[in-house]
Amino acid sequence: MNPLLQSPDARPGAALRAAVRPELFLECVHCGLCTSACPTYTELGDENAGPRGRIYLMRMITEGALAPGSAARRHLELCLDCRACETACPSGVHYGQIIEPFRLAMEEEKHQGIAGWDWFRELVLFRLFPYAGRIRLAMTPVRIAQKLGLYDLAERIGFFKLLPGRLGQMATLVNPPVAQGPKLPSFLPAIGRRRARVAFFVGCVADAMFRHTHWATLRVLQQNGCDILIPDGQGCCGAIHYHAGSRAGARSAADANVAAFDLADIDAVIVNHAGCGAMLKEYGLHWRDEKQADRQRFAEKVRDVNEFLDQLGLIPPQGPIEVAATYHDACHLAHGQGVTSAPRRLLQSIPKLELRDLAETEICCGSAGTYNLNQPQMADRLIRRKLENIVRTGARIVVASNAGCLLQIGREVRRQRLPLAVVHPMDMLDLSYRGEQPELPKANGAP
Amino acid sequence: MARSSATDVIPQLQKLLGREGVLSDPADLVVYDCDGLTIEKRRPEAVVFPTTTEATAEVVRLCNRHEIPLVVRGAGTSLAGGCVPIGGGLVVSLTRMRRILEISLRDRMAVVESGVLNLQLARALAGTGFHFAPDPSSQTACTIGGNVATNAGGPHTLKYGVTVNHVLGIEAVLGDGTIVRLGPVFDRAALDLTGVIVGSEGTLAIVTKVWVRLTRDPQDYRTVRVVFESLDDASAAVSDIIAAGIVPAAMELMDRGILAAVDEAYHFGFPTDAEAIAVIELDGLKAGLDEQLTRVAAICQRHNAREVLQAATADERALLWKCRKMAVGAVGRISPSYIIQDGVVPRTRLPEIIRQITRISAKHGIRIVNVAHAGDGNVHPILLFDERDRDSVRRALAAGKELLEQCIACGGSITAEHGIGIEKIGLMETLFGKENLEVMGRLRDALNPAARLGLGKVLPSPDAPKILETVGTCQALP
């Protein structure tokens, strides 16, 4: 196809030029209908910061017409990989399949050798994040500070700005302590008539910071007649590795998960956070080796919990929750998995709950995996935009189906001291099944 | 006198607009090579992002002093190369002028900056009972400024008119840097200079602010899709509906080729063996709509319509419109490259031009699929080719040229809404003749002396590059 790719390419940037299958570029006819869906283009108005421009840049680099210099890299790194452009694209361009391998190659190249060693990537992203136990341990100082009431003070006086860049960003993201519940068991039985047998994917950050949501999810599944297996041996989905440029690290995480679940025994693998779900569903795409078929089979069994319950037919919860809520579309659910109406239908089944439309709901909140740690400026612009839209709905509760969004929106709500609760759809359903009410923060940010 | 290069004035531009308001690193300019028309490219020397009319005027004056040409750009969705700096120089991007300044329902008017998206305005007006009528197919991405520049239409043009019918005033920067405010909103008795500037594609002035008319939402809709056995039958039916004195809000056609791509994208469930589908919308007062619909259906049936199906819900209507409007963007599913033509013929000649399109497709060995704003005689044949194959590029261009010549021969024109840009400049003389072009040239010289705004666009000049001649040397999209 491209003569440059046929003979071995010894010039610098060879790995970049070989990263993307050239035929993927041909799907883009350069119409530009994607641009308005792109959060970074919407903010900056610069076509380098839009999907059509980025595809063009990658194509030029791939074809050897543009040197992969720092300007192009900067534009590609600014991409949230939210994939709103995929939803917008009438031609079905697989933007994720273009930019992800390309950025992976960029990262791999950047981190070669001693000079490319990045303490944050190696220690925090690869050695800390993928392990729920280690995250809990690392959060201990923050949790103690929260218990003593010092965290709030530290946040207010900007103490976290003293911590080195990405660490400071991280510390401010930690959500306030809630009763997490005990360690998850290996099996939970259906309540009432058994309608399905599923396995639950636990994840890493989600387990460390949102175990209470895991418990809510499990209770909701039980209420809906699901036997739930929670297999040992599973771990991080691998998305953290993959997006930080460690293809091998991501693959071993994937293979551990594929080995942990006995697919013959279950109707579906249930996941409740969008970022993990999108990654699990793409296991069949990322690596081409002898295990690809197994990964593909696994991927086909994965269902987001909203999607699954909606398809199964939700047994309507009875407890009224009389409050105005709004639903924010997590990118990796709406754009990555095409799930938008299911969570709304589930929420609308809660008696008395008023679900209000959120303007620009399809625009990313700026969390985007570890984006808010690496690109804090753009992430801040986007979360402020998101909050403005949320506030305009007048809702007291904002619901999102992804850990990253919940943390990102939660932090901005604390910063602006807004009287808003930030919860997962399963938290809401669980409350309604149990006949309980959500805790609504009062104005002025007092808990 | 030799003009300066834009690179010489970067410091002055940065002083005017701030560092973040100027792109000048060569690697940052690559993405501004082209717009929705990919077969012709020219990289700008710099891209600037003014945020006010005054700053835009300063840029124009600076460029005048240094004899640097400028081309204005919105979302870059032009299908005719209207945003490409074919004459060199600067691109002035208005994407950071995107505030809706005022919505006044009492006055049925909104004031917007040029970079506001058509969709952004539509969303802001949702639920008010009013809307901005021009709805080009690219409305999810294109800017109001772009709509003004090309005098954009869209499906509902048939009943509601094109952009110029919805512009009450403009604020614009002329070629010498003068800022003017024109239009009936300022002075009803003046010459209709707004009418002159709207549709001039940025070759008379840079429009930075627009006072737009708001139109009351119709009380009700009837939206039907009609399945035809041939494109011929469909176009004859459309022609007859107009002849019967019915003015639907929109009458659109899609042929079998494009339907396949559209259905793959949006899973509407169009019959796979349908040769053509017409989307017909009637709107207005509820009373009488059903009667009109019966008449439309009867005419369609006379032309062998297989079925006439009404959109049952608002969601179904929305999806049907999405299918039609996003059709062109879905072409990537069936071809790596395309040129979309924008010919117009008198509505009675519609069946004839459709037959000509089929003939030209066969003659040049270029597959053509069709969408059309059939109600106003505006055909959009989409020529499919592979730009990596030089021969297919040449055949597509030749077929496109012959097609537009046929439109002229039918008493029509070479553009309805996409503009001349750089793509169709070679046909301007055939269409208008020397005298008319000279008048237009004099008008341009009056408002845009030295033709520095949009150099090389719209009006042919001996030294302007012509796409049909330069294509042999043009660099195809990589």
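In what follows, chains are A, B, ... by sequence order, proteins preceding strands, each numbered from 1.
A pairwise comparison of heavy atoms in A:Gly45 and B:Phe49 identifies O-CE2, 3.3 Å as the closest pair. B:Val30 and A:Met60 get closest at one heavy-atom pair: CG1-CE, 3.7 Å. For the pair B:Thr38 and A:Val29, the tightest heavy-atom approach, listed with the atom from each and the gap, is CG2-O, 4.3 Å. Closest approach of A:Thr42 to B:Arg98, counting heavy atoms only: O-NH1, 3.3 Å. Scanning both residues, A:Thr35 and B:Ala141, for their nearest heavy atoms gives OG1-CB, 3.9 Å. In plain terms, the two heavy atoms of A:Pro90 and B:Ala265 that are nearest each other are O-CB, 3.4 Å.
Here B:Asn118 contributes atom CG and A:Ser36 contributes atom OG; the two are 10.5 Å apart, rounded to the nearest 0.5 Å. The CG atom of A:Asp46 sits 11.5 Å away from atom CD of B:Glu20, with the distance rounded to the nearest 0.5 Å. One finds the CD atom of B:Glu264 at 9.0 Å from the OG atom of A:Ser91 (value rounded to the nearest 0.5 Å). Here the CG-NZ distance, from A:Leu33 to B:Lys325, works out to 12.0 Å after rounding to the nearest 0.5 Å. Here the straight-line distance linking atom CG of B:Asp35 with atom CZ of A:Arg52 works out to 7.0 Å at 0.5 Å rounding.
Side-chain atoms of A:Tyr56 never come within 3.5 Å of backbone atoms of B:Tyr32 as a donor-acceptor pair (strictly under, hydrogens ignored). Between the side chain of A:His30 and the main chain of B:Leu37, no donor-acceptor pair closer than 3.5 Å is present. Judged by distance alone, the side chain of B:Arg96 and the main-chain N or O of A:Leu44 form a donor-acceptor pair under 3.5 Å.
Most heavy-atom pairs under 4.5 Å with chain A, from the set B:Thr95, B:Val31, B:Ile340: that is B:Val31. The most heavy-atom pairs under 4.5 Å with chain A, out of B:Ala27, B:Ala75, B:Gly115, come from B:Ala75.
For A:Ala359, no part lies under 4.5 angstrom from a heavy atom of chain B. Proximity to chain A (any heavy atom under 4.5 Å) is restricted, for B:Leu23, to the side chain, taken from C-beta onward. Contact of A:Leu66 with chain B is made through the side chain alone, with heavy-atom distances under 4.5 Å. For B:Ser78, no part lies under 4.5 angstrom from a heavy atom of chain A. For a residue to count as touching a neighbouring chain, one of its non-hydrogen atoms must lie under 4.5 Å from one of that chain's; by this rule A:Phe25 does not touch chain B. Of the two parts of B:Ser93, only the side chain, counted from C-beta on, holds a non-hydrogen atom closer than 4.5 Å to a non-hydrogen atom of chain A.
Heavy atoms of other residues, nucleotides or ligands lying less than 6.0 angstrom from CZ of B:Arg99 number 12 at most.
A salt bridge links B:Arg123 with A:Glu362; the closest basic N to acidic carboxylate O contact falls under 4.0 Å. No salt bridge links A:Glu27 with B:Arg333; every basic N to acidic carboxylate O contact stays at or beyond 4.0 Å.
The side-chain heavy atoms of A:Glu47 and B:Val47, taken from C-beta on, include no pair separated by under 4.5 Å.
Donor-acceptor pairing under 3.5 Å is recorded for the side chains of A:His75 and B:Asp28.
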